[in-house]
Protein chains: 2
Amino acid sequence: MKKLKKLEPLGTESLVDKVETRLLMFFKENKLVPGDAIPKEIDFATSLGVSRTVVREALLRLRTLGLVESKKRRGMILKQPDIINNFARILDPTLLGEDTLKQLFELRLILEMGMADFLFENRNEEDLDELEKIVAAEEATDTHQIRFSLDKEIAFHGKLYQMSNNVTLQKFQDLLLPVFNYVYLKDTENTNLDDYHYSEGEFVSHRMLLETLREGTPETFRNAMRRHLEPHFDHALKTGGR
Amino acid sequence: MKKLKKLEPLGTESLVDKVETRLLMFFKENKLVPGDAIPKEIDFATSLGVSRTVVREALLRLRTLGLVESKKRRGMILKQPDIINNFARILDPTLLGEDTLKQLFELRLILEMGMADFLFENRNEEDLDELEKIVAAEEATDTHQIRFSLDKEIAFHGKLYQMSNNVTLQKFQDLLLPVFNYVYLKDTENTNLDDYHYSEGEFVSHRMLLETLREGTPETFRNAMRRHLEPHFDHALKTGGR
DNA sequence: ATTTGTATTATGTCATACATATAATATGAG
DNA sequence: CTCATATTATATGTATGACATAATACAAAT
């Protein structure tokens with residue numbers, strides 16, 4: 001038997017896959033930018049030699065990803081994909097695995113530890129005042145349970161994200177909020193955070209964070225935030241194995 | 001003319017939209033989890049009273065988002081949506097606006113500043129040795145240009161992400177890498193980073209970061225990292241307005 | 001000139017048929 | 001009986017043609 005050339009595994013990708021990549025190539029080659037109109041389904045179908053069904057499914061994918069938008073009679077136009085928005089639909093904590101949830105919660109800790117510099121860069125009286133109001137309201141309500149009242153937690157930390165002045169980060173946080181809540185609640189079920197005793201007995205409250213943000217530096221703020229988040233960090237680090 | 005009650009705009013959502021939400025409800029109500037099989041297209045179609053086409057398009061969306069997976073003859077099963085993977089297709093830097101790019105680059109700075117605690121929690125000799133190798137190779141090559149050699153930069157920082165032991169974070173970094181490179185290159189075009197002079201004249205090299213990771217604490221590491229990233233921070237903060 | 005109707009057009013939906021891949025089963029060789 | 005191989009059934013994938021729907025342009029009417 002003659003030596004035969006190894007038989008290449010023939011592409012496993014479906015027709016729709018191919019068409020999708022062809023469409024993306026088409027956009028790039030023609031240097032189309034968001035706002036530009038693209039040919040109609042039937043034209044793509046004929047020039048690619050496939051059925052309208054296939055073209056439609058490929059375009060539907062791109063639409064799902066927010067890359068194109070379709071209007072009746074008007075055809076389709078390229079869109080600036082809103083990276084974040086699509087996930088909102090499916091990012092249901094109950095549909096995510098334990099490990100992913102844990103990692104996303106870690107991500108939250110990372111983000112809040114890392115954004116100090118941007119907070120200091122963009123802080124202004126207006127925002128600080130609003131933060132002040134949030135803290136004041138928090139202190140006024142229930143002096144015993146203030147530490148881990150979820151609503152206040154969200155209000156305060158949410159405001160911080162907003163103050164980062166990074167819209168993408170904000171959207172990201174909005175998106176992950178349900179996840180955070182979910183993990184947070186699950187955690188508080190198991191370990192009663194009120195009983196948690198901080199190292200050196202010192203608890204860093206929202207008020208103290210606010211003061212640090214007013215008078216401190218990014219560095220001191222990071223340290224304060226680390227203390228503030230200590231129970232969460234402990235939980236995340238303890239339950240290690242991924 | 002009499003004062004008329006404002007006429008509510010009636011729902012503009014398409015059939016496919018409705019079916020999609022119905023499908024998601026179905027999954028939740030039946031407490032389906034990743035791995036579970038779901039009814040076939042035709043069954044959904046008949047029970048919802050719509051054509052297979054519509055069901056198919058709705059399912060295709062969910063497939064595009066990674067929530068379901070389809071295999072011939074086997075039907076469809078719920079999948080753990082890979083949050084990150086979906087971005088890849090559309091996250092072409094050339095398709096993103098300037099502002100989004102900038103914000104993603106900031107996100108990188110935030111992540112690297114924030115992950116210190118996890119690095120220290122998960123560090124082990126093996127990883128540190130590998131990091132050592134990367135640094136050594138870096139030092140060996142070109143003693144003059146070591147600071148901002150892109151490859152080494154990627155190798156070193158990439159390894160850090162890997163050491164965070166957070167797969168989601170890693171994937172996120174993989175995904176954003178092209179964006180980072182893109183922004184990085186554009187930055188170095190304008191401002192020659194080699195000419196950048198660090199505050200107090202002190203430059204924190206990869207080697208110093210490594211030493212801090214070996215002997216220091218999360219706190220000292222954050223400070224070192226902040227110094228190391230100083231030119232990037234400066235650039236990000238200077239060009240402020242979003 | 002503003003409104004109202006009408007034709008046009010590209011996407012949205014439907015119905016049906018067939019192709020294709022694969023799990024399940026049956027068949028056959030040893 | 002065991003294993004490999006062929007067959008069959010089935011759910012998704014693709015194709016085709018038809019009609020519905022909404023948005024636009026333009027004509028007609030007031």
Side-chain angles (χ1 to χ4, degrees), chain A residues 7-23 26-27 30 32 34-79 81 89, chain B residues 1 4 7-23 26-27 30 32 34-79 81 89:
Chain A
L7 198 54
E8 290 281 318
L10 39 85
T12 175
E13 61 179 1
S14 71
L15 240 186
V16 178
D17 289 328
K18 290 181 201 159
V19 171
E20 183 193 343
T21 57
R22 289 293 297 269
L23 289 179
F26 177 86
F27 297 154
N30 292 72
L32 298 182
D36 289 349
I38 62 178
K40 45 194 189 187
E41 296 175 347
I42 198 72
D43 289 345
F44 277 130
T46 53
S47 57
L48 286 173
V50 296
S51 74
R52 188 182 154 214
T53 310
V54 170
V55 172
R56 199 174 158 69
E57 291 212 352
L59 282 169
L60 179 56
R61 284 194 196 168
L62 301 183
R63 243 185 310 165
T64 305
L65 296 174
L67 197 70
V68 305
E69 193 178 23
S70 67
K71 286 229 165 73
K72 282 190 180 177
R73 151 88 205 209
R74 193 178 172 144
M76 294 184 167
I77 62 174
L78 240 69
K79 221 178 74 176
R89 272 181 290 186
Chain B
M1 203 182 202
L4 297 172
L7 198 53
E8 290 283 317
L10 41 84
T12 174
E13 63 178 0
S14 73
L15 241 185
V16 178
D17 288 330
K18 290 180 202 159
V19 171
E20 183 194 339
T21 56
R22 288 294 296 270
L23 289 179
F26 178 85
F27 298 154
N30 292 73
L32 298 182
D36 290 349
I38 63 178
K40 45 196 190 187
E41 297 174 346
I42 198 72
D43 289 345
F44 276 129
T46 53
S47 58
L48 286 173
V50 296
S51 75
R52 190 183 151 211
T53 310
V54 170
V55 173
R56 198 173 159 71
E57 291 211 351
L59 282 169
L60 180 55
R61 284 193 196 168
L62 300 183
R63 242 184 314 165
T64 306
L65 296 174
L67 195 70
V68 303
E69 193 179 24
S70 67
K71 284 228 165 74
K72 286 190 178 175
R73 150 87 205 210
R74 192 178 172 146
M76 292 185 166
I77 61 174
L78 236 68
K79 220 178 75 175
R89 268 180 290 187

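A note on names: the letters A, B, ... follow the listed sequences, proteins ahead of strands, and every chain is numbered from 1.
- Where B:L59 and A:G49 each meet DNA chain D at their nearest nucleotide, the meeting point lying more 5' is that of B:L59.
- At the phosphate of C:dT20, neither OP1 nor OP2 sits under 4.0 Å from any side-chain N or O atom of B:R73.
- In terms of position along DNA chain C, the nucleotide closest to A:I38 lies nearer the 5' end than the nucleotide closest to the other residue of the pair A:I38 and B:T53.
- Regarding contacts with the backbone of C:dT11, every side-chain N or O of A:R74 stays at 4.0 angstrom or more from both OP1 and OP2.
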Task: CA sep, side-chain torsions, deciding dist, call: A:R61, A:V16, side chain to side chain contact (heavy atoms under 4.5 Å, CB included) - done: CA-CA 9 Å; A:R61 284 194 196 168; A:V16 178; 3.6 Å; yes
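- Position along DNA chain D of the nearest nucleotide to A:K72 versus B:E41 favours B:E41 as the more 5'-ward residue.
- OP1 or OP2 of C:dG12 has at least one side-chain nitrogen or oxygen of A:R63 nearer than 4.0 Å.
- Which of C:dC14, C:dT11, D:dT14 sits closest to the side chain of B:R56 comes down to D:dT14.
- To the nearest angstrom, P of D:dA11 lies 13 Å from CZ of B:F44.
- Here D:dG13 is the nucleotide among D:dG13, D:dA15, C:dC14 with the atom lying nearest to any side-chain atom of B:M76.
- For B:R52 and D:dT10, the CZ to P distance is 15 Å, given to the nearest whole Å.
- Looking at heavy-atom distances under 4.0 Å, B:S70 makes contact with sugar-phosphate atoms alone, never a base.
- Counting to the nearest Å, the P atom of C:dT8 and the NZ atom of A:K40 are 14 Å from each other.
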